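So the structure is just underneath, and the comments pick up after that.
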Amino acid sequence: MIVAARWNAVEVQAITPLLLELNLAAAKGDTARAIEIVQKLPDHSWPYAMSHASPDAVGLVTGNALFDDLRDLPEVRAVIDPIRANLAKERKEALALGV
């Protein structure tokens with residue numbers, strides 16, 4: 001299934017292998033590989049292309065302990081901080097509309 005997501009039209013299943021790789025890299029403590037994967041996620045319209053919010057899909061931004069060692073790395077924050085800011089802005093806009 002192809003979805004027109006926030007930034008790109010993407011194949012929804014295309015991101016699943018990346019998320020599984022990210023979980024594995026985090027569990028193994030392979031920081032370099034995890035950073036490489038995190039930097040690819042926005043190219044797959046993550047987190048906007050997610051059809052559901054499972055811990056595997058959004059754990060990086062929701063506080064899953066698996067990602068504690070990665071979350072504060074500058075390379076990871078460079079990816080996550082703009083996404084968090086945009087999500088906060090969109091949430092505020094939706095609440096203002098009464099959604």
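In this text, all values refer to a predicted model and were calculated from it rather than measured experimentally.
The two atoms that bring Arg77 and Pro82 nearest to each other are O-CD, 3.8 Å, heavy atoms only. Between Ile37 and Leu18, the shortest heavy-atom contact is CG2-O, 3.5 Å. Nearest heavy-atom pair across Ala25 and Ala34 is CB-N, 3.8 Å.
From Glu36, atom CD reaches atom OG1 of Thr31 across 12.5 Å, with rounding to the nearest 0.5 Å. Note: Arg33 CZ to Glu21 CD = 4.5 Å, rounded to the nearest 0.5 Å. To the nearest 0.5 angstrom, Ile35 atom CD1 is 5.0 Å from Leu73 atom CG.
With contacts defined as side-chain heavy-atom distances shorter than 4.5 Å, the pair Leu22/Leu41 qualifies. In this structure the side chain of Arg91 never reaches within 4.5 angstrom of the side chain of Leu87, judged on heavy atoms. Phe67 places a side-chain heavy atom less than 4.5 Å from the side chain of Asn23.
Dense packing is recorded around CG of Asp81, with more than 12 heavy atoms of other residues, nucleotides or ligands lying under 6.0 Å away.
Checked by atom type and distance alone, the side chain of Arg71 pairs as donor or acceptor with a backbone atom of Asn64 at under 3.5 Å.
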